[in-house]
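Given the structure is predicted, the values throughout are model-derived calculations rather than measurements.
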Amino acid sequence: MKKKVLLLFAIVVVMFFLLGSKLFFNNNVSDSKFYINIFNPKNLMNTFYQYDPIKNTNKILLSGNMEDYTSFAYSEGNNKLYFADGAKDHTIQLFENDLNTNQSKQLTTEFSNIDFIQIDKEQNILFMRVLLKDEYKNFHIATYNLQTNKVKIWAKEDKDRSILDFNYNPNSNKLIVVSYSEKDDTKKLEEANNNHTKLQPPKYSLDIYNTEGEKKEHIDTVEKFISGVSLAPDNSSVIISYDEKITSPISHVAEIDIKSNNMKPLLSSNSSYSKIRSVKFDEKKEGFYFLSSFIDEKRDYSVLEIPKESMLCYYDLRTNKIRNVWKAEKSILVNYSADNF
């Protein structure tokens, strides 16, 4: 089971950061402030940056020794950082750091693991992907209310449905959720092992939820190795990033029209941008952001491979051109967010 959990994490993002990386910034992309996390596996240091593309400034919000990689969300209103870290009971829990005082405290105790942390537009609710204690099979979405300090676990009694990924859209105040059946996933894994064939992806269900955890609309079912998902600001479409196979850095981005369910290809990896993942529409649906890493597509790929560089990029749907936003040489960016999408 540990192998499957590790594989799921690796599909979405590989977490490595080397010492001495050189950072590159492009101030001709957006007026959003970006929040970026990088991880150094040699000393388990996580560094959280705030990047202002208008001023072309890069500010370290927090740097510290943490348990493996982490996910995070930043609240600009109260200048606090929320992140996943190891607790004394060897679980991964939600923590808060007050950047004004540099004081941290643990907020949750009930989980085995937490990742994919996002915050709502009012900066009152944190959304997280979680594993429950003593249950290592399927992931759930849970929320943490910063005003009441209460946790709510969505579909807690469901032992089969597991969350691969989700993304909160502040424009519609809804989430696009990617889920799958553990039984289906296990069956395909066993078939691949027994027959010595390539692993096939499970049937991923793409659904829109409100912030209370109620499913509002089913979008589509997709059998691809999804590595990112985003709902358009006008709720008209969804974009997904996906890999051709687990052991390949070749990846694609496609848009699914919600009314027609038609899938349209938007972007494919190339010699400069491979292992495309973590796609997010911008606030005007004029383009989308994504993470990529420079990995040789002509040879076998390992999810533990350290690439030569990785970048936060922007794809302009009007010009069909890519622009680099933030780059770290010989590094991989763990995750990112912005203050208005």
Minimum heavy-atom distance between V229 and V238, given as atom pair plus value: CG2-CG1, 3.6 Å

Non-hydrogen atoms of I226 and L164 that approach each other most closely: O-CD2, 3.6 Å

Result of checking S241, S227, S292, S293 against R277 for side chain to side chain donor-acceptor pair (under 3.5 Å): S293

Plane angle bin for Y74 and Y35 - parallel if under 30°, tilted between 30 and 60°, otherwise perpendicular: tilted

Plane angle bin for W154 and F127 - parallel if under 30°, tilted between 30 and 60°, otherwise perpendicular: perpendicular

Residue pair N97, Y82: steps toward the side chain to side chain donor-acceptor pair (under 3.5 Å) verdict: CA-CA 6 Å; N97 181 276; Y82 301 94; over 6 Å; no

Test ring pair (Phe, Tyr, Trp, His ring centres under 6.0 Å) applied to Y289 and F34, step by step: CA-CA 11 Å; Y289 297 89; F34 293 91; 5.3 Å; yes

[X] side chain near [Y] side chain, heavy-atom distance below 4.5 Å:
X: Q50; Y: D52; result: no
X: L62; Y: N102; result: yes
X: K285; Y: S237; result: yes
X: N46; Y: F72; result: no
X: D160; Y: N138; result: no
X: D120; Y: T211; result: no
X: N56; Y: Y51; result: yes
X: L61; Y: L99; result: yes

NZ/NE/NH1/NH2 to OD/OE distance under 4.0 Å, [X] and [Y]:
X: E182; Y: K159; result: no
X: R318; Y: D316; result: yes
X: K133; Y: D89; result: yes

Atom NE2 of H90 with >12 non-hydrogen neighbours under 6.0 angstrom: no

I117 backbone acceptor or donor facing S71 side chain under 3.5 Å: yes

Check: E212 main-chain N/O paired with K152 side-chain donor or acceptor under 3.5 Å: yes

[atom1]-[atom2] distance between [X] and [Y], expressed to the nearest 0.5 angstrom:
X: I240; Y: H252; atom1: CD1; atom2: NE2; result: 10.5 Å
X: I239; Y: S230; atom1: CD1; atom2: OG; result: 4.5 Å
X: D85; Y: N65; atom1: CG; atom2: CG; result: 8.0 Å
X: D257; Y: M263; atom1: CG; atom2: CE; result: 11.5 Å
X: T70; Y: I114; atom1: OG1; atom2: CD1; result: 9.5 Å
X: K198; Y: K188; atom1: NZ; atom2: NZ; result: 15.5 Å

Residue pair L333, N37: steps toward the side chain to side chain contact (heavy atoms under 4.5 Å, CB included) verdict: CA-CA 6 Å; L333 311 184; N37 176 39; over 6 Å; no

Intermediate values then yes/no, side chain to side chain donor-acceptor pair (under 3.5 Å), N194 and E190: CA-CA 6 Å; N194 295 335; E190 291 175 347; 5.5 Å; no

Stepwise side chain to side chain contact (heavy atoms under 4.5 Å, CB included) test for L146 and Q123: CA-CA 8 Å; L146 294 171; Q123 299 189 349; 5.8 Å; no

Residue from Y336, Y49, Y314 passing ring-ring contact (aromatic ring centres under 6.0 Å, His included) with W326: Y49

Given Y242, F166, Y180, F225, the one that forms ring-ring contact (aromatic ring centres under 6.0 Å, His included) with Y204: Y180

Side chain to side chain donor-acceptor pair (under 3.5 Å) between S269 and S274, worked out: CA-CA 5 Å; S269 58; S274 56; over 6 Å; no

E191 side chain to N195 side chain, donor-acceptor N/O pair below 3.5 angstrom: no

